[in-house]
Amino acid sequence: MDHFRFEARQGQRVVIECCAERIDSRLRAVLELFDSTGRRLAVNRGYFGIDPLIDLRVPADGLYVVKIQDLISSGSAEHSYRLDIDTGPRVAFSVPSVIARGKASRVTLYGWNLPQASGVTPPRSPDALERLEVEIPASLAEPVWPLPVRLQPAQAVLQGASFPFHLPGSPTPVLIGVTDVPVVLDSDDNHSPASALEIAVPCEVSGQLIAGDERDWYAISARRGEVFFIEALGQRLPSPVDLQISVLDAPGQLELLQFSDEVRNIGGTFPTSHLDPAGRWVCPAEGRY
């Protein structure tokens, strides 16, 4: 168990992040945070994949201690890690997560300690992520390769389809996708078949499941024999979701098809399996789905 002590002031927002899996380490890190009396304030064992992060609004001036250890108390020379303890700006993700290639776009960044400039929305609670709207110039909206972050084999689809955006002062970039088809933003009220958001195919949808039991609905018009390829990116963004996609009839009552985890590995042992749904659907009859 490694311990690190730091001093912080009341009201500061301290973000403690451990990189292990993302730097090819064998460590399954667990982070714990204690105050000067030894009282545990927070614990985390997975935020970005299995790499942990603790976000603390400092309750009082004083010394604080971070403890890091392996989940099953194993260790070796390959159990390396990088630990960041920071009060500067840090971006977790963007909405939308994909924009049109070669076109200027406005996106909302979510994160911690974002600069208080125009476009900042105050968090709803001390633990909520802050939001900052930024303009992405057309010159940046082009795919970049190689990307300055480690990718899992299942994220091979991001090659040639994303770019890193650096918020000034932030130590790590956020990946934003680029696409040649129209981008549709999720609606606030498409949570039932009756209020399904009408979309034209082909397109890419950028959405969020805010509530724990939230379901987002989209409606398309299709012709008999038309072939659709439907794929969602959640875990591969990365996002802490395990998505599922269903194709239903117009009233939203009869389920025709369901896509869930992609368990196949390309080339046999090459580990491309993931928790994101993907599949092919052939429309059985002209209508709305």
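Model, not experiment: these values are computed from the prediction.
- Taking the six-membered ring where tryptophan is involved, the planes of Y81 and F4 are perpendicular, since the angle between them exceeds 60° and thus also 30°.
- Residues Q208 and D216 come closest through the heavy atom pair O-OD2, 3.5 Å.
- Counting heavy atoms from C-beta outward, D51 and C18 have side chains that stay 4.5 Å or more apart.
- Residues passing the ring pair (Phe, Tyr, Trp, His ring centres under 6.0 Å) test with Y289 are W281, sequence neighbours excluded.
- Partners of R236 by salt bridge (Lys or Arg N to Asp or Glu O under 4.0 Å), not counting sequence neighbours, listed by chain and number: E231, D276.
- Taking the side chain as every heavy atom from C-beta outward, P89 and P115 approach each other to under 4.5 Å.
- Y218 meets the ring pair (Phe, Tyr, Trp, His ring centres under 6.0 Å) test with no other residue; sequence neighbours excluded.
- Pairs passing the ring-ring contact (aromatic ring centres under 6.0 Å, His included) check and including a residue from residues 185-216, sequence neighbours excluded, do not occur.
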Distance-only check: which donor-acceptor pairs under 3.5 Å involve side-chain atoms of residues 58-72, not counting sequence neighbours?
unit_1	atom_1	unit_2	atom_2	d
D61	OD1	Q10	N	2.6
Y64	OH	A60	N	3.4
Y64	OH	A60	O	2.5
K67	NZ	E32	OE2	3.0
K67	NZ	Q69	OE1	3.4
D70	OD1	R28	N	3.0
D70	OD2	I72	N	3.1
D70	OD2	S73	N	3.3
D70	OD2	S74	N	3.1
D70	OD2	S74	OG	2.9

Next item on the list: Test side-chain hydrogen bond (donor to acceptor under 3.5 Å, both in side chains) on S94 and S97 and set out the steps.
Entry: CA-CA 5 Å; S94 72; S97 57; 5.9 Å; no
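- Residues meeting the ring pair (Phe, Tyr, Trp, His ring centres under 6.0 Å) test with F48, sequence neighbours left out: none.
- Salt bridge annotation for D213-R215: absent, with no cationic side-chain nitrogen under 4.0 angstrom from a carboxylate oxygen.
- Annotation for A278 and F259: closest pair O-CD2, 3.8 Å, computed over non-hydrogen atoms.
- Follow the hydrophobic side-chain contacts under 4.5 Å out from L83 and you never reach V30; the two are in separate clusters.
- Of all heavy-atom pairs spanning G160 and W145, the tightest one is N-CE3, 4.4 Å.
- Each salt bridge (charged side-chain N to carboxylate O under 4.0 Å, His left out) pair with one or both residues in residues 178-189, not counting sequence neighbours, appears once here: R101-D180.
- The minimum heavy-atom distance between P143 and A161, with the atom names listed, is CB-N, 3.9 Å.
- The distance from atom CG of N44 to atom CD1 of I16, rounded to the nearest 0.5 Å, is 10.5 Å.
- Annotation: side chain of Q244 is not in contact with side chain of P277 (no heavy-atom distance under 4.5 Å).
- With respect to the salt-bridge test (charged N to carboxylate O, under 4.0 angstrom), the residues R224 and E226 do not qualify.
- Taking the side chain as every heavy atom from C-beta outward, P164 and L147 approach each other to under 4.5 Å.
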Next item on the list: Would you check, one step at a time, whether the test side-chain hydrogen bond (donor to acceptor under 3.5 Å, both in side chains) holds for S246 with E255?
Entry: CA-CA 7 Å; S246 296; E255 186 176 69; 2.6 Å; yes
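- Residue pairs that meet the salt bridge (charged side-chain N to carboxylate O under 4.0 Å, His left out) test with at least one member in residues 265-275, sequence neighbours left out, do not exist here.
- For the pair R90 and V15, the tightest heavy-atom approach, listed with the atom from each and the gap, is CD-CG1, 3.6 Å.
- Partner of Q152 under the side-chain contact (heavy atoms from CB on, under 4.5 Å) criterion, out of E21, R22, H274: E21 alone.
- Residues that satisfy the side-chain contact (heavy atoms from CB on, under 4.5 Å) test with R39, not counting sequence neighbours, are D35, T37, L41.
- Looking at R40 and L33, their side chains never come closer than 4.5 Å, going by heavy atoms from C-beta outward.
- Partners of R150 by salt bridge (Lys or Arg N to Asp or Glu O under 4.0 Å), not counting sequence neighbours, listed by chain and number: D24.
- The shortest distance between side-chain heavy atoms of V227 and R280 falls below 4.5 Å.
- What you find for V98 and V178 is that their closest heavy atoms are CG2-N, 3.9 Å.
- For R288, the side-chain hydrogen bond (donor to acceptor under 3.5 Å, both in side chains) partners two or more places apart in sequence, or in a different chain, are E198.
- Note: L185 CG to S206 OG = 6.0 Å, rounded to the nearest 0.5 Å.
- Atom CG in L132 sits 12.5 Å away from atom CG in N113 (nearest 0.5 Å).
- Taking the ring pair (Phe, Tyr, Trp, His ring centres under 6.0 Å) definition, one finds that F165 meets it with nothing, sequence neighbours left out.
- Taking a cutoff of 4.0 Å between a charged side-chain nitrogen and a carboxylate oxygen, E286 and R223 do not qualify as a salt bridge.
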